[in-house]
2 protein chains.
Amino acid sequence: MRQIAAEVGVQAGALYLYTPDKETMLVDLLRDHMDELIKAWDAAEPPAGPVERLDSFVRFHIAFNLDHADAVFLSYMELRNLGPENFAVIEGLRRDYENRLESILKAGQGGGFFAVPDTKLATMAIIAMLNGVNTWYREGGRLGRAAVGDIYWDMVRKAVAV
Amino acid sequence: MRQIAAEVGVQAGALYLYTPDKETMLVDLLRDHMDELIKAWDAAEPPAGPVERLDSFVRFHIAFNLDHADAVFLSYMELRNLGPENFAVIEGLRRDYENRLESILKAGQGGGFFAVPDTKLATMAIIAMLNGVNTWYREGGRLGRAAVGDIYWDMVRKAVAV
DNA sequence: ACAGTATATGAACAAACGTTCAGAACAATC
DNA sequence: GATTGTTCTGAACGTTTGTTCATATACTGT
């Protein structure tokens, strides 16, 4: 709390004008992040076909995560430091988001566009794979964001192809 | 340290007979884990062809991570709490392991078995995807380990296919 | 100018932290 | 059974932790 206060340029006690305690501050941050993520995807209005929608999702997810690297990092590192009820809230939002990906996969599977052995596992696999970008991507590195999006989309596309 | 001591059934001070300080204890744990991981893979003697080797790697990685879930969790959660030099050591070992996967991909790429846009990114993508299993897999769940291995291998195989 | 509200300080609190150390308990050796 | 070396305890240390609160400062509308 003292570190956060210093970063904001304030004394530690002043933070308690804005949050009842530390865990609430964290859970608010994580909830805001997840809300923003879901809202941003829902507002993206991706194209109609399952393949195009999956393409959109891959690029959206990578771009959003890189644009919110700190929040993503917190979400995955500090989630376990939440109490059970707060944990459940954030995990629920995460599942909401994952379900949007699974819906795409299911639709594509039903329409014969995809051939995934298990849509739930494919969802988890794709999300984990995309999240991995944040661990190694550095701005100004060998590949730009667009190139990374292309490469990952190529792998995802083939992974779920018939 | 007091929690660890209690778990072992000892007083906190007694731990300092075995480790000079907390960070050394952590880095020793992580180094042992990585050493064991690399040694286990090197001892696995996978088959000759790139496709078969990649198959072996996918199943090996999933199985090993599930058998060492606690150590894997620590490796990814506590890595950032290491000092720069210790961090570099563990990261180096991790890269050693990742390079073994990339070697398979390069060999398969050269031989025309795989068609990955970028072997480095494919390495990171596959590792991240496989690591994800630990976040959701529960013993006695819907799918057994063998089934999970089959499903993930199917996705990886297609993702890198020509 | 003044009252009222919102915002900040900085000192204090108890608890938890990593770590140290004198001494007790234990085990092995002669 | 005394000696020596190893292992552990339990209390203590100095810091850091999250949080509270009396008090001060800054802002807003009349």
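In what follows, every heavy atom counts, from backbone to side chain, and hydrogens, waters and symmetry copies are set aside. Every chain is numbered from 1, with letters handed out A, B, ... down the list of sequences.
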Exercise. Tell me whether the centres of the aromatic rings in A:H68 and A:F73 are closer together than 6.0 Å.
Key: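 That pair fails the under 6.0 Å test.
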Exercise. Determine, using ring centers only, whether A:F64 and A:W41 are less than 6.0 Å apart.
Key: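 Distance test on ring centres: not under 6.0 Å, no.
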Self-check item: B:Y152 and B:H61: side chain donor to acceptor below 3.5 Å
Solution: no
Quiz item: Between A:E102 and A:T119, do the side chains contain an N or O donor and an N or O acceptor separated by less than 3.5 Å?
Solution: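 Judged by distance alone, the side chains do pair up.
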Self-check item: Transitive ILVMFWY cluster of B:V162, excluding itself - 4.5 Å side-chain cut-off
Solution: none
Quiz prompt | Hydrophobic cluster of B:L15, others only, ordered by chain and residue number, side-chain cut-off 4.5 Å | solution =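 In the cluster with B:L15 are B:M1, B:I4, B:V8, B:V10, B:Y16, B:M25.
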Quiz item: Is a salt bridge present between A:D42 and A:K39, judged by a nitrogen-to-oxygen distance below 4.0 Å?
Solution: no
Quiz item: Got a salt bridge between B:D35 and B:R31, using NZ or NE/NH1/NH2 to carboxylate O under 4.0 Å?
Solution: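 So B:D35 does not pair with B:R31 through a salt bridge.
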Practice problem: Please step through salt bridge (Lys or Arg N to Asp or Glu O under 4.0 Å) for the pair A:R94 and A:E98, ending with a clear verdict. | Solution: CA-CA 6 Å; A:R94 186 171 295 179; A:E98 291 168 355; 5.3 Å; no
Self-check item: Value in whole Å for how far the P atom of D:dT17 lies from CD1 of A:I4
Solution: 11 Å
Quiz item: Using Watson-Crick and G-U wobble pairs whose two distances are both under 3.5 Å, how do you write the pairing of DNA chain D as dot-bracket, with | for links to another strand?
Solution: ||||||||||||||||||||||||||||||
Can you check nucleotides 4-6 of chain C for protein contacts, nitrogen or oxygen pairs under 3.5 Å, and list what you find?
none

Self-check item: Nucleic acid footprint by protein, nucleotides 9-20 of chain C - heavy-atom cut-off 4.0 Å, B for base, S for sugar-phosphate alone
Solution: BB-B----BBBB
Exercise. Tell me, please, which residues at least two apart from A:R2 pass side chain to side chain donor-acceptor pair (under 3.5 Å).
Key: none
